[in-house]
Amino acid sequence: MVFAALFAFTASAVAEDARLLSFGFYMEDNASLTSDYVAEIPAFVAGTTSYEINIAIPANVDKSQLVARFTVNSGNTVSVDGTAQTSQVTKNDFEDPVDYTVSNSNKSQNIRYTINVVELSTKGWAEVATLDVTALTGNEAFTGVYSGAVLVVNPKDNAPYVAYGARGVDNKLSVAKFEDGAWKQVGPALFSPIINGSHFDFDIANDGTPYVAFGDKDAASLSNSLSVMKFDGSAWTNVGDQGFFKSQAQYVGIAALDNGLAACLQNNNKNGEIPQRALGIATWDGSAWTTGESALLSSGQGMYTCKMGDNGKIATLISINRGKIDDVNYGHNIFKYENGSWESLATNFLEEGATQTSIAIGSFGTKVAPDGTIYAWTGDDAPNTTKVYQVRLKKYNADTKAWEVVGGNTLPLGIDEGFESHISLDVAITSDGTPFVAYNNFKDQKKLYVIYLDPNTNQWTTPQQLADNTADINIDFAADGTGYITYTDESNKVHMFKYDFMDTSGIKTVVNHAVAGETFYNLSGVRVATPAKGVYIKRTVDSNGKVSTQKILKK
């Protein structure tokens with residue numbers, strides 16, 4: 001009996017302490033999340049039996065069905081209101097604080113951890129870097145980027161990449177990526193043959209491989225024929241033969257897919273392998289190219305232009321017809337490419353009441369959301385009597401096989417006096433399905449603006465101004481919700497804004513608003529030129545591009 005009592009006392013003495021070692025919400029366990037959110041566990045204090053833990057997640061996440069992932073000391077058990085909890089399995093409603101009780105093996109310790117799920121700090125845009133190609137390459141003759149620089153976020157490492165043509169030297173392609181706070185070349189600068197003006201496109205496959213497609217002036221088959229190159233980790237090499245599509249490539253597009261490539265061009269030469277002005281299609285199956293005129297259109301049908309979009313699995317193509325076809329003036333076509341076959345989602349289409357689809361190069365395009373939803377935007381002059389051109393964003397309803405206008409109306413771009421032919425506009429869809437639109441307005445000093453569709457109101461937000469004197473606007477998002485916008489300034493340098501969470505720790509009073517490098521945002525993430533009374537987020541960018549943020553109070 002004495003031995004048994006001694007054994008029981010010893011077991012109690014060596015029981016593991018009750019400890020919560022880690023706690024978080026992970027994408028793998030919660031379909032509603034687009035990133036992992038991990039809490040900081042407070043340090044253990046002897047004699048303390050209850051702790052508060054705050055964990056921040058985005059405001060639009062449903063908190064009522066979250067699955068937590070946690071670890072505890074060996075032998076510990078975890079319960080909520082007497083119900084046993086299993087990491088990565090048990091769901092709880094975190095709209096109110098949830099008490100997790102961690103007990104050691106003999107119940108001699110019961111520690112309460114109160115989990116408070118709070119709203120993640122406000123997101124906002126801030127300029128983070130300028131791509132100065134003269135400084136980057138050390139080539140003083142390389143004076144800047146040619147028009148049409150293209151931004152793509154690499155789905156493998158979430159880093160932003162920019163492909164651009166050369167100004168001041170032979171117009172060849174270069175690609176740079178933003179890494180560790182600086183722009184770095186991807187392979188050598190000016191790696192391509194001379195390209196046909198700004199007729200090129202850029203994409204990155206899901207495995208992280210960058211691809212460029214361009215009209216190749218040096219192609220032996222026919223000058224300005226289509227060539228495609230990829231970066232294999234050490235060098236840029238041709239995909240197939242140089243100038244493999246013997247047609248003068250204008251308005252080039254490329255989509256890098258898990259099972260190959262898809263590309264488009266408008267042929268601008270009657271000596272090509274397809275009719276002049278026709279829409280050319282090329283697909284790569286991993287070993288060979290298949291090229292020809294689009295079979296979804298009438299043979300010889302003239303095109304004005306084409307563009308492509310994709311999500312790594314599905315590619316889309318939008319083209320605008322040249323002139324009138326079947327009494328439709330400059331109608332547009334939208335095609336889908338998936339698993340080796342093309343499908344028409346719109347053919348020779350014109351908005352009701354419009355006289356034509358706008359041919360302004362920035363007024364149309366197509367994107368595929370991460371979930372496979374297909375978007376397209378076009379400009380038109382319907383339904384008004386003053387013939388003001390407007391841009392509308394549409395998405396394709398796969399169930400009804402119909403296009404629906406996003407937000408229920410044309411985009412609120414603020415171009416009231418008529419459609420500006422030099423507009424630059426791009427669209428991105430975040431991993432949670434939120435559409436963002438970045439654009440410039442030539443009638444307003446070429447200012448750069450950004451809007452997004454508010455998921456709560458299903459209405460477009462008030463345009464937020466980011467910069468003046470901009471061209472060649474691009475926007476793209478990483479899978480974790482981090483966004484990037486690039487534009488080219490009047491000195492041919494590429495600037496980049498980043499959309500990320502703001503650190504709102506600390507609160508200070510505004511002393512001076514007129515300080516270089518400072519910008520102010522309200523708590524909805526909208527930039528404010530002159531803060532009135534209230535609470536704002538102040539962002540400061542130093543000469544090295546380092547961003548610091550703080551919450552301030554304007555009295």
Side-chain angles (χ1 to χ4, degrees), residues 30-35 56-66 94-95 117-125 351 365 367-379 382-384 390-400 402-416 425-439 441 444 447-466 473 475-477 480-483 485 497 499-502 504 520-529 531-532 534-537:
N30 297 275
S32 61
L33 297 182
T34 58
S35 188
I57 64 174
N60 60 349
V61 172
D62 181 7
K63 302 177 182 64
S64 66
Q65 295 287 315
L66 286 174
F94 287 89
E95 292 178 331
V117 175
V118 299
E119 183 177 334
L120 200 61
S121 301
T122 301
K123 275 189 170 183
W125 293 98
E351 296 292 337
K367 289 289 175 72
V368 184
D371 68 358
T373 303
I374 294 171
Y375 290 79
W377 61 99
T378 54
N384 61 74
Q390 303 172 89
V391 181
R392 66 188 77 229
L393 177 67
K394 301 171 286 188
K395 68 177 180 180
Y396 187 71
N397 187 319
D399 294 326
T400 63
W403 289 93
E404 302 168 351
V405 177
V406 177
N409 213 327
T410 53
L411 295 175
L413 305 183
I415 305 175
D416 298 326
L425 184 150
D426 197 18
V427 174
I429 315 299
T430 65
S431 52
D432 67 2
T434 301
F436 277 71
V437 179
Y439 63 98
N441 186 343
D444 187 15
K447 292 178 180 177
L448 168 62
Y449 293 91
V450 63
I451 58 176
Y452 66 91
L453 193 72
D454 189 315
N456 297 315
T457 65
N458 198 37
Q459 298 295 316
W460 294 102
T461 59
T462 301
Q464 177 186 350
Q465 182 193 337
L466 298 181
I473 311 301
I475 183 170
D476 200 9
F477 276 80
D480 64 3
T482 304
I485 293 175
F497 282 81
Y499 183 72
D500 207 351
F501 291 108
M502 296 180 176
T504 59
F520 299 90
Y521 301 83
N522 64 24
L523 296 186
S524 296
V526 177
R527 185 173 176 177
V528 179
V535 178
Y536 299 87
I537 305 300

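Here, residue 1 is the first one in the sequence, and each next residue gets the next number.
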- Is the side chain of Thr461 donor-acceptor paired with the backbone N or O of Tyr452 at a distance under 3.5 Å, no angle test? yes

- Message: So, using ring-ring contact (aromatic ring centres under 6.0 Å, His included) as the criterion, who are the partners of Trp403 when residues are at least two apart?
- Response: Tyr396

- Item | Pairing residues for Tyr375 by the ring-ring contact (aromatic ring centres under 6.0 Å, His included) criterion, not counting sequence neighbours | none

- Task: Could I get the full list of side-chain contact (heavy atoms from CB on, under 4.5 Å) partners for Asp371, not counting sequence neighbours?
- Result: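 Partners of Asp371 by the side-chain contact (heavy atoms from CB on, under 4.5 Å) criterion, ordered by chain and then number, come out as Ala369, Thr373.
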
- Task: Name all residues meeting the side-chain contact (heavy atoms from CB on, under 4.5 Å) criterion together with Asn409; count only those two or more places apart in sequence or in a different chain, and write none if there are none.
- Result: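 Expected list: none.
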
Ignoring hydrogens, what is the shortest heavy-atom contact between [X] and [Y]? Give both atom names and the distance.
X      : Y      : value
Pro412 : Tyr439 : O-OH, 3.8 Å
Leu453 : Gly407 : CD1-CA, 3.9 Å
Leu413 : Asn441 : O-ND2, 4.0 Å
Leu425 : Leu411 : CD1-CD1, 4.3 Å
Ile473 : Ala438 : CG2-CB, 3.7 Å
Arg392 : Pro383 : NH2-CD, 4.4 Å

Roughly how far, to the nearest 0.5 Å, is [atom2] of [Y] from [atom1] of [X]?
X      : Y      : atom1 : atom2 : value
Asp454 : Thr434 : CG    : OG1   : 8.5 Å
Phe94  : Leu66  : CZ    : CG    : 6.5 Å
Ile374 : Asn397 : CD1   : CG    : 11.5 Å
Asp480 : Thr430 : CG    : OG1   : 11.0 Å

- Between Asn30 and Ser32, does any side-chain donor sit less than 3.5 Å from a side-chain acceptor? no

Sequence neighbours excluded, which residues qualify as salt bridge (charged side-chain N to carboxylate O under 4.0 Å, His left out) partners of [X]?
X      : value
Asp444 : Lys447
Asp426 : Lys367
Lys395 : none

- Query: Taking only residues two or more places apart in sequence, or in another chain, which ones meet Ser64 in a side-chain hydrogen bond (donor to acceptor under 3.5 Å, both in side chains)?
  - Reply: Asp62

- Only counting residues at least two apart or in another chain, list the ones meeting side-chain hydrogen bond (donor to acceptor under 3.5 Å, both in side chains) with Gln459. none

- Query: With under 30° as parallel and over 60° as perpendicular, where do the rings of Trp125 and Phe477 fit, or are they tilted in between?
  - Reply: perpendicular

- Item | Derivation of the side chain to side chain contact (heavy atoms under 4.5 Å, CB included) call for Trp460 and Val437 | CA-CA 10 Å; Trp460 294 102; Val437 179; 3.9 Å; yes

- Glu351 and Gln390: CA distance, side-chain angles, deciding distance, side chain to side chain contact (heavy atoms under 4.5 Å, CB included) verdict: CA-CA 11 Å; Glu351 296 292 337; Gln390 303 172 89; over 6 Å; no

